[in-house]
Amino acid sequence: ANAEALQLLHRALELDPRFVSAATFAARTHRERVAQGYSIDPQIDRNEATRLVRLALSLDENDSFVLGAAALNAFFFEDDYETAIDFSDRAVALNPNDPVAWRDRGWVYKYAGQHEEAIRSFERCTRLSPLDPYQHSPLAGTGYALIELRRFDEAVTAAKKALRHNLTYAVAHRCLAAALAHLGRDAEVREAAARLLEVDPSFTIS
């Protein structure tokens with residue numbers, strides 16, 4: 001119901017242009033459409049995510065949810081890891097009990113190449129919210145970080161845990177296939193790749 005969610009969020013902003021939560025949720029949703037590969041027009045979603053994050057920051061630059069969204073945009077759209085790390089560190093400093101801030105920080109540090117710190121952030125997220133409906137995200141992020149640390153068996157375990165929480169999460173399918181490939185478990189790789197393409201038929205190596 002992603003498209004419906006965006007309609008409601010933009011309607012909320014029409015009613016109250018200074019509604020920071022609506023701006024932040026909308027920014028995150030536009031970015032996620034690009035990140036997950038189901039955007040109809042990635043450039044429009046990218047532009048909207050950028051515009052809405054800037055709006056949210058102008059409304060409240062000391063909100064952990066806003067700072068997390070800004071951090072994700074900074075690394076995903078601009079390859080600006082220094083800014084992304086600054087935003088995500090500020091988010092967890094402002095609200096150290098916010099699992100979303102720690103999850104965002106985990107992804108930022110993972111893509112910045114600081115994999116041990118990424119794992120610590122993902123683990124903190126899970127400790128703070130062990131029954132979180134988004135548990136698949138920090139688990140898959142942990143799996144990716146473990147691949148980079150060449151701890152492939154542990155990465156397989158993390159990816160499988162992520163998929164137990166959400167079988168439609170393409171990120172976890174990619175993680176599992178990659179970890180299995182590093183271990184040379186070819187039959188399982190083919191099975192994992194086939195499941196990935198069922199979930200995300202448009203996925204390619206590029």
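Tyr144 places no side-chain N or O within 3.5 Å of a backbone atom of Tyr111 that could act as its donor or acceptor partner. Arg46 contributes a side-chain N or O that, together with a main-chain N or O of Phe77, makes up a donor-acceptor pair within less than 3.5 Å. Under the 3.5 Å distance criterion, the side-chain polar atoms of His173 are matched with a main-chain donor or acceptor of Leu167. With hydrogens and angles ignored, the 3.5 Å screen pairs a side-chain donor or acceptor of Ser88 with a backbone N or O of Ile85. Proximity of a side-chain donor or acceptor of Ser129 to a complementary backbone N or O of Leu131 within less than 3.5 Å is not detected. Checked by atom type and distance alone, the side chain of Arg90 pairs as donor or acceptor with a backbone atom of Glu61 at under 3.5 Å. Gln135 places no side-chain N or O within 3.5 Å of a backbone atom of Ala162 that could act as its donor or acceptor partner. Side chain of Asp98 to backbone of Ala91: no donor-acceptor contact under 3.5 angstrom is found.
Leu163 has its side chain out of reach of His136: every pair of non-hydrogen atoms, C-beta onward, lies at least 4.5 Å apart. Residues Val34 and Phe76 meet the side-chain proximity criterion, which asks for heavy atoms closer than 4.5 Å. The closest side-chain heavy-atom distance from Leu52 to His10 is below 4.5 Å. For the pair Asp63/Leu67, no side-chain contact is recorded, criterion being any heavy-atom separation below 4.5 Å from C-beta on. Side-chain contact between Phe65 and Arg28 is present, with at least one heavy-atom pair separated by less than 4.5 Å.
Aromatic pair Trp107/Phe122: centroids less than 6.0 angstrom apart. Taking the six-membered ring wherever Trp is involved, the centroid distance between the rings of Tyr81 and Tyr109 does not fall below 6.0 Å.
Donor-acceptor pairing under 3.5 Å is lacking for the side chains of Ser39 and Asp41.
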